[in-house]
Peer 1: 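Here it is, the structure, as structure tokens.
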Amino acid sequence: MLNNLVNAIVEMREDEACELVEELLESGTDVNEILSGCQQAMGIVGERFEIQEYFLPELIMSGEILKSITSIIGPRLKDTSAKSKGLGVVLIGTVAGDIHDIGKDIVIFMLEVSGFKVYDLGVDVAIETFVDKVKEVNPDIVALSGLLTITVNVMKETVEAIAAAGYRDKVKIMVGGGAINEDIKIYAGADGYTESAVEAVALVKKWMGVA
Ligand code: B12
């Protein structure tokens, strides 16, 4: 059924994709498996976009489908999340110049479900906005999301601005999103990188000593 979901997303069959997600949830499939199927499907959409088999409308449509899917999954996860709260504070946003937010939003709901307080700055977040919010909410962790290659330098500058404001040793900084890897983490001067939302939660828990 998971393969059918991947195909339904890739072929832009939104209703079918949403029905399959409902069925997978009903049959007890792990949410993480469903999300990793979604990520796989979006990877295929991206590849088709690169070889010009798909164009901007398909990118937009696939984004809409993923939003619909996460709106089905999110509330169900949140229903079961009441037990743990206040494990730490995470400040997150998609860095300046980038408006991709599907992956970021998945990271957010996975963190919230796991008991973390999350401040979401949204997309295309200016460097100074990150710095101002760090000063305001004093987070344990700053999480920077980016899917465009050009965001790599913005991430580095954001980390540098947080350091220049005197907060570098007060927060852990994690980076992630399609354009990011371990080398970029080092280049940007961040403390951590993960490939998925599930791993992001595991890393945050490790940093907060609640693993
Ligand atoms: C949907 C989509 C869009 C939608 C976004 C809708 C939305 N609300 O987000 C729209 C249509 C708006 C869009 C626009 C563009 N896009 Co686009 N888009 C995609 C696509 C197909 C899927 C992205 C996605 O949602 N993936 C699924 C999620 C679940 O995965 P994810 O984001 O990677 O997130 C997971 C992990 O990375 C991780 N994670 C995410 N954030 C964080 C943060 C932290 C801290 C951590 C630890 C982990 C973490 O957890 C998530 C869940 O596991 C990708 C292809 C791809 N392979 O990803 C292209 C892609 C990212 N887009 C691309 C491009 C080129 C563009 C445009 C420039 C197109 C254009 N000509 O206008 C614009 C850019 C606009 C801008 N300024 O940002 C390129 C980027 C190439 C590059 N390397 O720079 C890609 C890779 C497509 C391609 N192969 O060419 N896009």
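We're numbering straight along the sequence, starting at 1. In listed order, ligands and their atoms are each counted from 1.
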Peer 1: Give a yes or no on whether M155 and L148 share a hydrophobic cluster (residues Ile, Leu, Val, Met, Phe, Trp, Tyr; joining criterion: side-chain heavy atoms under 4.5 Å apart).
Peer 2: no
Peer 1: Return the residue, atom name and 0.1 Å-rounded distance of the protein heavy atom closest to atom 6 (C) of ligand 1.
Peer 2: I102 CD1, 4.0 Å
Peer 1: Go through ligand 1 atom by atom and flag the ones less than 4.0 Å from a non-hydrogen atom of K67.
Peer 2: 8 (N)
Peer 1: Should V107 be counted as touching ligand 1, given the test is an N or O pair under 3.5 Å?
Peer 2: no
Peer 1: Output yes when the distance from some N or O of ligand 1 to some N or O of D101 is under 3.5 Å, and no in every other case.
Peer 2: yes
Peer 1: Suppose we measure from atom 30 (O) of ligand 1 to each protein heavy atom; which comes out shortest, and what is that distance?
Peer 2: Q39 CG, 3.8 Å
Peer 1: E47: what forms a side chain to side chain donor-acceptor pair (under 3.5 Å) with it, not counting sequence neighbours?
Peer 2: none
Peer 1: Is the shortest side-chain N to carboxylate O distance from R168 to D191 below 4.0 Å?
Peer 2: yes
Peer 1: Mark the output for I106 as yes if a heavy-atom distance to ligand 1 is under 4.0 Å, and as no if none is.
Peer 2: yes
Peer 1: Walk me through whether E23 and M1 qualify under side chain to side chain contact (heavy atoms under 4.5 Å, CB included).
Peer 2: CA-CA 9 Å; E23 284 171 33; M1 211 192 300; 3.7 Å; yes
Peer 1: What is the nearest protein non-hydrogen atom to atom 89 (N) of ligand 1, stated with its residue, atom name and distance?
Peer 2: E50 OE2, 2.6 Å
Peer 1: Stepwise, does the side chain to side chain contact (heavy atoms under 4.5 Å, CB included) test hold for L25 with I72?
Peer 2: CA-CA 10 Å; L25 288 169; I72 295 170; 4.0 Å; yes
Peer 1: Under 3.5 Å between some N or O of ligand 1 and some N or O of S145?
Peer 2: yes
Peer 1: Considering all heavy atoms of both residues, which atom of G192 and which atom of L203 are nearest to each other, and what is their separation?
Peer 2: CA-CD2, 3.9 Å
Peer 1: Please identify which atoms of ligand 1 are closer than 4.0 Å to at least one heavy atom of D98.
Peer 2: 78 (O)
Peer 1: In this structure, does ligand 1 have an atom that sits under 4.0 Å from one of the heavy atoms of G43?
Peer 2: yes
Peer 1: Could you tell me if any non-hydrogen atom of A179 lies under 4.0 Å from any atom of ligand 1?
Peer 2: no
Peer 1: Under a 3.5 Å distance rule, please check whether T151 uses its side chain to pair with a backbone N or O of V154 as donor and acceptor.
Peer 2: no
Peer 1: Starting from atom 76 (C) of ligand 1, what is the nearest protein heavy atom, named by residue and atom, and what distance separates them?
Peer 2: I99 CG1, 3.4 Å
Peer 1: List ligand 1 atoms under 4.0 Å from A200, heavy atoms only on the residue side.
Peer 2: 47 (C)
Peer 1: Among protein heavy atoms, which sits nearest to atom 47 (C) of ligand 1, and what does the distance come to when rounded to 0.1 Å?
Peer 2: T194 OG1, 3.3 Å
Peer 1: Spell out, yes or no, whether Y167 and V204 are grouped together once hydrophobic residues are joined by side-chain heavy atoms under 4.5 Å, including indirect joins.
Peer 2: no
Peer 1: Among protein heavy atoms, which sits nearest to atom 38 (C) of ligand 1, and what does the distance come to when rounded to 0.1 Å?
Peer 2: E195 O, 3.8 Å
Peer 1: Counting only nitrogen or oxygen atoms and a 3.5 angstrom limit, does T149 reach ligand 1?
Peer 2: yes
Peer 1: List-wise, which protein N, O or S atoms are found short of 2.8 Å from atom 17 (Co) of ligand 1?
Peer 2: H100 NE2
Peer 1: Which ligand 1 atoms are under 4.0 Å away from a heavy-atom of M42?
Peer 2: 1 (C), 21 (C), 22 (C), 25 (O), 26 (N), 27 (C), 55 (C), 56 (C), 57 (N)
Peer 1: Closest non-hydrogen protein atom to atom 70 (C) of ligand 1, residue and atom name please, with distance?
Peer 2: L56 CD1, 3.9 Å
Peer 1: So between A96, G97, A143, G103, whose heavy atom ends up nearest atom 31 (P) of ligand 1?
Peer 2: G103
Peer 1: Show the atoms of ligand 1 that are less than 4.0 angstrom away from any heavy atom in G176.
Peer 2: 41 (N), 42 (C), 43 (C), 44 (C), 45 (C), 46 (C), 48 (C), 49 (C)
Peer 1: Which residues satisfy the salt bridge (Lys or Arg N to Asp or Glu O under 4.0 Å) test with K172, sequence neighbours excluded?
Peer 2: none
Peer 1: Measuring from the heavy atoms of M110, does anything fall under 4.0 Å of ligand 1?
Peer 2: no
Peer 1: Side-chain heavy atoms nearer than 4.5 Å, only ILVMFWY residues, links allowed to pass through others: does that put L56 and V10 together?
Peer 2: yes
Peer 1: Counting each atom of ligand 1 from 1 as listed, which ones have a heavy atom of A197 under 4.0 Å away?
Peer 2: 50 (O), 52 (C), 53 (O)
Peer 1: Donor-acceptor pair, D98 side chain versus D124 backbone, under 3.5 Å?
Peer 2: no
Peer 1: Give yes or no for whether the N/O distance cutoff of 3.5 Å, strictly under, is met between S196 and ligand 1.
Peer 2: no
Peer 1: Tell me whether the count of non-hydrogen atoms from other residues, nucleotides or ligands lying under 6.0 Å of CD in E195 goes above 12.
Peer 2: no
Peer 1: Report the residues that fulfil side chain to side chain contact (heavy atoms under 4.5 Å, CB included) with K67, sequence neighbours left out, ordered by chain and then residue number.
Peer 2: D101, I102, D105
Peer 1: Backbone, side chain, both or neither: what part of L144 comes under 4.0 angstrom of ligand 1, heavy atoms only?
Peer 2: backbone
Peer 1: On a heavy-atom basis, which atom in G146 and which in I180 lie closest, and how many Å separate them?
Peer 2: O-CG1, 3.7 Å
Peer 1: Please tell me whether L147 and F49 are part of a single hydrophobic cluster in this structure, the criterion being side-chain heavy atoms less than 4.5 Å apart.
Peer 2: no
Peer 1: Are Q39 and I106 side-chain neighbours, meaning at least one heavy-atom pair lies under 4.5 Å?
Peer 2: no
Peer 1: Under a 4.0 Å heavy-atom limit, does I60 contact ligand 1 with its side chain, its backbone, both, or neither?
Peer 2: both
Peer 1: Below a 4.0 angstrom heavy-atom separation, can you tell me which part of I92, side chain or backbone, both or neither, approaches ligand 1?
Peer 2: neither
Peer 1: Do you see a donor-acceptor pair shorter than 3.5 Å between the side chains of E14 and S68?
Peer 2: yes
Peer 1: Nearest heavy-atom pair of L5 and C38: which atoms, and what distance?
Peer 2: CD2-SG, 4.5 Å
Peer 1: Tell me, with the steps shown, if V107 and S145 meet side chain to side chain contact (heavy atoms under 4.5 Å, CB included).
Peer 2: CA-CA 10 Å; V107 173; S145 184; over 6 Å; no
Peer 1: Does the protein put any heavy atom within less than 4.0 Å of atom 85 (C) of ligand 1?
Peer 2: no
Peer 1: M174 heavy atoms, cut-off 4.0 Å: which ligand 1 atoms fall inside?
Peer 2: 45 (C), 47 (C)
Peer 1: Given the protein's heavy atoms, is any one of them under 4.0 Å from atom 44 (C) of ligand 1?
Peer 2: yes
Peer 1: Please report the shortest heavy-atom distance between T94 and H100, naming the atom on each side.
Peer 2: OG1-O, 2.9 Å
Peer 1: Answer with yes or no whether E199 contacts ligand 1, where contact means a heavy atom under 4.0 Å from a ligand atom.
Peer 2: no
Peer 1: Determine, using the 4.5 Å side-chain heavy-atom cutoff (strictly less than), whether L20 and V31 are members of one ILVMFWY cluster.
Peer 2: yes
